[in-house]
Each structure stands twice: as C-alpha cells, then as structure tokens.
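Scroll down for the structure; my scribbles are underneath it.
Naming convention: chains lettered A, B, ... in sequence-line order (proteins, then strands); numbering from 1 in each chain.
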Number of protein chains: 2
Amino acid sequence: MPKTAAILIIGNEILSGKVEDANTPFLCRELRELGVEVRRIVVIPDEVPVIAAEVVGLSGAHDFVFTAGGVGPTHDDVTVEGIAAAFGVRVLRHSRLERLIRDFYKDRLHEPDLKMAEVPEGAELLSMEGLAFPVVVMRNVYIFPGIPEVLRRKFGVIRERFRDAPFYLRRVLVRGGEGSLAEHLRAVLREYPALLLGSYPEWNNPEYQVKLTLESRDPDTVEGAMRALLARLPAAALVRIE
Amino acid sequence: MPKTAAILIIGNEILSGKVEDANTPFLCRELRELGVEVRRIVVIPDEVPVIAAEVVGLSGAHDFVFTAGGVGPTHDDVTVEGIAAAFGVRVLRHSRLERLIRDFYKDRLHEPDLKMAEVPEGAELLSMEGLAFPVVVMRNVYIFPGIPEVLRRKFGVIRERFRDAPFYLRRVLVRGGEGSLAEHLRAVLREYPALLLGSYPEWNNPEYQVKLTLESRDPDTVEGAMRALLARLPAAALVRIE
C-alpha cells in the first residue's frame, strides 16, 4: 500500500492571517516528490485539547503525521503537551536535548529555553549528520518547528526515509473552457479508472485556459491515458504537452 | 458570543503540491479584519464521502464555513454533491443559475457547464450588485470557487454580512531570544488572562528577533497589557512598537 500522510499546522498566527503558512506548500511538494500521498492538512490554534484530539485522529488514519509550530519556549508553545495528551503519556525533559540546548546557548541560556528539551514520554530522537538538533518523533508523528528555514533543513536531512514508489505526472495545456473538455475526461477515466486526472482552469492566461494533469504510480497508465486523451481532443484545443 | 469560522479547501491539486492555496491566506486576513475568529482550516481531496463528513463536523462546530474549490463542470468537481450528502439532501439543478449560465455562455455552452447550476436542495442564492453569479449558501456553508480571482470578487461583495466586533492589535518588535522573554510574557498573561498574546521568532532578521502581538476585542485590555509588558521589558530589548 502506498504511504499516506497528514500535515498538522499549529498556530494562531496562521488562523488570524498574521503569517502565511509556508510550511504546508513545501511539505506537499516534497512528499509528493517522495511518492507519499498527503490526504489531509489541518490548521488549528495553540490549544492543548484541540491539538490532542487532532493528533489522535490524524495519527490513526495516516502512515505519517508532520506537525509544524508550537515548539518554542513561550506560553503559546504547547504542541509537545498536546501530542503527549493525544497518546496519554507525560511530558519529560530529555537529557540529551537538554545537553544540546545548554551547549548551544551557553551563558545566554534562559531557563525557559529548556522547555525545548521537553518531549512526550517514549519519543525518539532522529539524529543525522548535518543536524544540530535532532528531529523528535512520537510514534508516527514527526514534530517540526514552525520557522520555515529550520523545518526545511530538518526535513531535508530525514526526507529519504519517507521515499515510496513514485508518481508519474504529465501535463496537457488546453485551449477552451472546462465544459468543452468534461466529456472527454470522463471517457478517459472510464478507460483508465485508476488514473489521477486533474482539470484546472487558469484565469487570465493568454496561452491556455485549462491545465490537465495525468498522474499515476503506473507509468503505463499515464501513457495509455495520454494517448486516449489526445485521440479525443480536437487538434485545435491542444496547446502543449509537458 | 463572537462569531467563529472554518475554512474548507477541497482540491487534490493543493494536497499534491501542484498549486499553492492562495484562498486561505486571503480569507484568514479578511475574516480577522471583520472580527470573525477562524478556528480551523482543513484541506481535503475531491472525494464525496470525505467532503460530506468534514462539512458535517465543521458546520456544526462553527458559525460559518467557507468552502473553496470543486465547483466546476468536470469529473473532479464534487463539492456540491459532498455538501448535499452532509445535509442528507439531493442535488438539484437551480433554474435561476441555469438561466444565468445559458445567458453567459450562449452558443458556446457545453452541456457539462450546466453542472455549475447544481446546488444542494434548500440552498440559498445571494445575489448582490456587482456579482454576475450569486454566491450559493447551504445553511451556514458558503460555497466558493477555487479560482482566487473569482473567490475574492465574490467574497468582497458579501463580506460585510460577517462583520463582528473588531480585534484590536498592537505589535512589539524585540531584540533577544524568546527564552529571554518567556517569563515576562507569562507575567503579563497572569495580569491579563484574556489577552491574545503571540510570540513569533524571526530568523535572519537584522532588526529584531521576536515579534510580539497583543490582541483583544477590548482595547483597554490591549493598552493595559502593553503598559505592563513595557514596564517589564529591559529598555535595550525594545526595537519598536507598531
């Protein structure tokens, strides 16, 4: 079975429109490239019971859950507490993380910084070359900070562990409205029911009006569906294949 | 009670990283400005049972639900069907929408375009000056197309109906790590427990390291908390108040 994932963004700043979430688009692109199917993205506030309930649901329904946000030293950083509550375990200060944080801050350490050494009881630390601080994993929940630069660096170091069978993707750019294509698309899907077929209108694009995406884990499905589509499309409608 | 909202984005193209979701940041900013509290954002695939289950949950738990995506004429446009299933009603072709679509497309109409005239039974149409096509509302669920230009235009015309008591917001930009601030922030929250207090580290910002946001529907709470915070902050830490 191909692997599935959910992304859980924890942060009032996203919900209130103060900050645009750059982590979700990054994780979606990365996971797709790795062959992992993201099935759900959820953004919730910095509230322990809300985080706990969401982690229970997402963790049970997906192979991997990636959280971002809420792991700093201040009052609104409650992700670890929420994940611990989800699994019914305590929050512990991890001695290896504490040592890393003390070594990093040295005499600039403030006591609240040690909150970042806290993990749900039973969490693993993934240490890899190139990572100053390990990635904390609780069961199938990978806990990332919300700062995009840090999340990208940490994810980049561990990304290969998620690699699955790839998706094959072709794009067909088309002139004319979606309504003129709908019947052809349904016909292709009848012939290739397992095809992932997307149809996306572009507004104000002078070159083409609809982008079609043909996608599958099976390259023969994509190529066969591509031939079936091109056989049906009026020649004047085709702008380009990518 | 202040009004709450959820945003439901329906689209495989977002989950698979092909398209970045521009609608959520727009709606979050708009709703905050209107005084509406967005409590949850969910992104799900173009699948009727998934949409139906999510709409049931979000509609029951929030004053307003805003959906974006999945309302075109092709096979992957199943939002209306999902919302109808959520409320246990049929999908009907709405005669007024059908007339508008026929008048719009004229001899360029393809039969599948009339799929865009379908609504859940019992849906209302919100017609306003400046709107070529009405906004479709089913109970408390406002159904928007995924094309950002169209969503913005439609939301812009109906936005005032959502206006609630405003949020007051001040920002304090600070030098030094979050760990050096955490204790002061907790002290301010003890004095002003209803304050919405955010602490956001900035990476690689030469001017300041943390942005604090003080927010409330009560301006006196914000101003009092601001005074309490400034009285505690070391003078050297303060960069700017906005």
Side-chain angles (χ1 to χ4, degrees), chain A residues 9 12-21 24-25 27-33 37-45 50 72-77 105 108-113 115-116 147-150 167 177-183 185-186 189 196-201 203-204 213 215, chain B residues 7 9 12-21 24-25 27-33 37-45 72-77 105 108-113 115-116 147-150 167 177-183 185-186 189 196-201 203-204 213 215:
Chain A
I9 305 292
N12 295 343
E13 71 277 22
I14 310 292
L15 295 166
S16 61
K18 293 185 186 71
V19 175
E20 278 198 32
D21 167 25
T24 293
L27 288 171
C28 287
R29 283 191 303 267
E30 285 280 302
L31 290 164
R32 192 69 172 190
E33 196 281 319
E37 186 183 353
V38 176
R39 292 281 303 168
R40 180 176 292 258
I41 301 159
V42 185
V43 187
I44 52 174
V50 179
T74 55
H75 61 281
D76 54 354
D77 292 308
Y105 283 100
R108 293 175 299 115
L109 182 86
H110 293 81
E111 186 64 25
D113 290 321
K115 186 160 182 252
M116 294 185 283
I147 299 175
E149 295 89 335
V150 183
F167 288 98
E178 278 194 298
S180 67
L181 300 170
E183 189 197 319
L185 303 182
R186 286 186 192 275
L189 279 173
L196 303 171
L197 178 56
S199 173
Y200 307 112
W203 221 240
N204 300 324
T213 60
E215 207 170 11
Chain B
I7 297 170
I9 304 292
N12 294 343
E13 71 277 23
I14 310 291
L15 294 166
S16 63
K18 292 185 186 71
V19 175
E20 279 198 30
D21 168 25
T24 293
L27 288 172
C28 286
R29 283 191 304 267
E30 285 281 302
L31 290 164
R32 192 68 172 189
E33 196 279 320
E37 187 183 352
V38 175
R39 292 280 305 167
R40 182 176 291 258
I41 300 159
V42 185
V43 186
I44 52 175
T74 56
H75 62 282
D76 53 353
D77 293 306
Y105 284 99
R108 294 175 300 114
L109 182 87
H110 294 82
E111 186 63 25
D113 289 320
K115 186 160 181 252
M116 294 186 283
I147 299 175
E149 294 89 338
V150 183
F167 288 97
E178 278 194 299
S180 68
L181 300 171
E183 190 196 318
L185 303 183
R186 286 186 192 276
L189 279 173
L196 304 171
L197 178 58
S199 173
Y200 308 113
W203 220 242
N204 301 324
T213 60
E215 207 170 11

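- Nearest heavy-atom pair, A:A182 versus B:P73, reported as atom, atom and distance to 0.1 Å: CB-O, 3.6 Å.
- Contacts of A:L109 with chain B are absent, with no heavy-atom separation under 4.5 Å from either backbone or side chain.
- Contact annotation for A:E20: only side-chain heavy atoms (C-beta onward) come within less than 4.5 Å of a heavy atom of chain B.
- In terms of heavy-atom pairs under 4.5 Å with chain B, the best-connected choice from A:T24, A:D77, A:V42 is A:V42.
- With a 4.5 angstrom heavy-atom cutoff, A:L15 touches chain B via backbone and side-chain atoms both.
- With sequence neighbours excluded, the residues satisfying salt bridge (Lys or Arg N to Asp or Glu O under 4.0 Å) with B:E37 are B:R39.
- Taking both residues in full, the closest heavy atoms of A:V50 and A:P45 are given as CG1-CD, 4.2 Å, listed atom of the first, atom of the second, then distance.
- Both the backbone and the side chain of B:I44 have a heavy atom closer than 4.5 Å to some heavy atom of chain A.
- A donor-acceptor pair is defined here as one N or O able to donate and one able to accept, closer than 3.5 Å; such a pair exists between the side chain of B:D76 and the backbone of A:S199.
- Chain B forms more heavy-atom pairs under 4.5 Å with one residue of A:E178, A:E33, A:R108 than with any other, namely A:E178.
- Interface remark: A:T213 contributes side-chain atoms only to the contact with chain B (heavy atom separation under 4.5 Å).
- Taking the salt bridge (Lys or Arg N to Asp or Glu O under 4.0 Å) definition, one finds that A:K115 meets it with nothing, sequence neighbours left out.
- Side-chain atoms of A:H75 do not come within 3.5 Å of backbone N or O of B:E183 as any donor-acceptor pair.
- For chain B, the option among A:E30, A:M116, A:E13 with the highest count of heavy-atom pairs below 4.5 Å is A:E13.
- The contact between A:V150 and chain B is made entirely by side chain atoms (from C-beta outward), counting heavy-atom distances below 4.5 Å.
- Proximity to chain A (any heavy atom under 4.5 Å) is restricted, for B:L189, to the side chain, taken from C-beta onward.
- For chain B, the option among A:P25, A:S180, A:P112 with the highest count of heavy-atom pairs below 4.5 Å is A:S180.
- The CG atom of B:L185 sits 6.5 Å away from the OG1 atom of A:T74 when rounded to the nearest 0.5 Å.
- The two atoms that bring B:E215 and B:R32 nearest to each other are OE1-NH2, 2.9 Å, heavy atoms only.
- Interface remark: A:N204 contributes side-chain atoms only to the contact with chain B (heavy atom separation under 4.5 Å).
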